[in-house]
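Each chain gets a letter, A, B and so on, in the order its sequence line appears, and its residues count up from 1.
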Amino acid sequence: MTPSTETVIAIKGLRKSFGDLHVLRGVDLEVSRGENVAVLGRSGTGKSVLIKLMVGLLKPDAGSILVLGQDVETLRGKELDLFRQKVGFSFQSSALYDSMSIRENLEFPLVRNIRNLSRGEIDKAVEEALDDVGLSQTINQMPSELSGGQRKRIGIARTLILKPEIMLYDEPTAGLDPITSIEINNLINEVRERFGATSIIITHDLTCAKTTGDRVAMLLDGKFERVGPFDEVFADPDERIQQFYNYKFVN
Amino acid sequence: MQSDTTKPTGRASDRPVVTRRLDRFLLGLADVSSFIGRFFREALLPPYEFKEIIRQCYEVGFRSLLLISTTGFITGIVFTNQSRPSLSEFGATSWLPSLIAIAIVRALGPLVTALIAAGKVGSSIGAELGSMNVTEQIDAMEVSGTDPFKFLVVTRVLATSFTIPLLTMYTIFVGLLGAYINVNQNEQTSFTSFMQEVFGAITYLDIFASVLKSIVFGFTIGMVGCYKGYHSSKGTEGVGKAANSAVVTSMFLVFIEELLSLQIVGAIRGS
């Protein structure tokens with residue numbers, strides 16, 4: 001799928017600190033509709049903070065975040081809930097509700113956001129979402145009975161059930177074996193192809209960034225130092241970028 | 001000239017330990033107050049999570065029933081057995097039903113129920129919310145368009161506040177049953193005369209005070225469990241600490257509340 005020229009995410013001068021720790025120091029980024037952008041950076045550089053700011057889970061200290069034309073910081077109550085229906089968030093830990101079955105996990109965002117759905121409509125949507133991630137057989141299982149890769153897929157299915165326009169993936173391949181990681185990377189690409197979703201993929205996995213990202217944004221010292229196609233970014237002689245690249249492949 | 005330690009530098013580490021501890025205590029107090037304030041605000045404003053409140057009532061009530069039945073029954077038997085020798089010295093064993101009724105209805109029933117609930121329900125709430133916090137389930141709920149405070153905290157606190165008074169009434173019943181079996185075996189007292197003695201000894205104020213006290217105990221246990229879990233530090237160690245701290249804090253507060261209620265009811269009775 002070719003990205004359009006319409007900008008759906010526009011971040012300008014974004015800053016966020018936790019006490020004395022300045023995590024984001026003026027982040028700028030624009031993402032077009034249908035585009036996949038992989039955000040790379042070392043642990044603790046604020047990659048996850050960035051996407052949490054984008055859905056209003058955290059408040060920025062300065063700067064602006066426009067997502068689908070809406071200023072996230074100003075959204076409250078119902079407006080924020082409606083906005084969040086359009087933005088899917090896949091958590092690093094999958095964040096499946098332990099006390100609920102897979103069916104209930106998938107139903108949860110649906111019944112909480114869309115009232116007056118019939119039982120048949122809910123069942124159909126759940127089955128479709130599970131089909132999309134190839135895990136229909138797990139419908140009556142509990143999250144504790146699933147493998148790490150299956151949990152990630154179910155986490156993605158739970159966000160897909162509301163058919164979001166934007167997907168935010170937080171470390172989608174963290175803690176997975178290489179084969180399962182490839183499956184997750186393929187799933188991210190499938191989501192883009194089938195649903196036309198714009199995605200931001202937070203990762204420190206270079207294979208994931210290369211496979212899923214149309215562009216790579218390299219977060220260094222609280223700013224996006226390089227943004228562009230994977231090969232272009234890693235052709236940069238900047239020592240910090242080369243160190244990241246070489247370390248990953250040598251080790 | 002002012003010494004360096006008294007200069008208001010703004011950095012916490014530069015200030016004396018006592019000041020830092022006082023700061024932390026006051027900030028903690030403000031945080032707890034705002035948590036309680038938010039509970040009342042969210043509990044009163046729609047939408048109401050009736051289905052989840054009922055589910056939580058079932059969790060709190062049903063899961064504690066076996067333990068409470070056993071403990072209440074044994075408390076009734078043991079208390080009767082231990083009181084008999086002292087009364088028999090004065091030939092007053094016929095006072096046993098009245099004595100047991102007053103002790104169980106006024107103090108033992110609410111206290112035993114609250115302590116068991118603090119151990120079983122308080123720790124479970126602390127651990128559950130702590131674990132949800134660590135594994136980002138609370139964040140996931142928020143991005144799913146659900147207010148996690150309303151869904152997780154308000155429902156649990158209301159459930160403990162509704163259910164613990166019911167469990168207290170049940171403990172009183174089971175405790176009196178245990179006491180009756182003991183009295184019946186030793187003094188051959190019939191069920192009717194045992195109950196006549198029991199209801200002759202207790203007043204409406206006793207029952208009303210017990211119910212009111214149990215609501216406060218239930219609110220405390222739910223609130224402490226939720227606060228500790230909701231604010232647990234990240235990591236599995238934080239979950240364990242939240243569960244442990246929920247039990248210790250709520251038990252301590254239950255005893256303080258028991259002491260206060262004793263004074264208040266005593267004052268009402270005296271006036």
Which atoms of [X] approach chain B - backbone, side chain, both or neither, heavy atom under 4.5 Å:
{"X": "A/Phe108", "answer": "side chain"}
{"X": "A/Leu80", "answer": "neither"}
{"X": "A/Lys52", "answer": "side chain"}

>> Could you check whether A/Thr138 and A/Gln141, counting side-chain N and O atoms only, form a donor-acceptor pair closer than 3.5 Å?
In response: no

>> Closer than 4.0 angstrom, basic N to acidic O: yes or no for A/Glu171 and A/Lys152?
In response: no

> Ion pair present between B/Lys213 and B/Glu258, side-chain N to carboxylate O less than 4.0 angstrom?
Replying inline: yes

> So which part of B/Glu49 gets closer than 4.5 Å to some heavy atom of chain A, the side chain, the backbone, both or neither?
Replying inline: side chain

>> Between A/Thr159, A/Leu162, A/Asp81, A/Leu110, who has the most heavy-atom pairs with chain B when the cutoff is under 4.5 Å?
In response: A/Asp81

> Would you call the rings of B/Phe149 and B/Phe35 parallel, tilted or perpendicular, where under 30° means parallel and over 60° means perpendicular?
Replying inline: perpendicular

> Between B/Tyr48 and B/Phe50, how do the two ring planes meet: parallel, tilted or perpendicular, split at 30° and 60°?
Replying inline: tilted

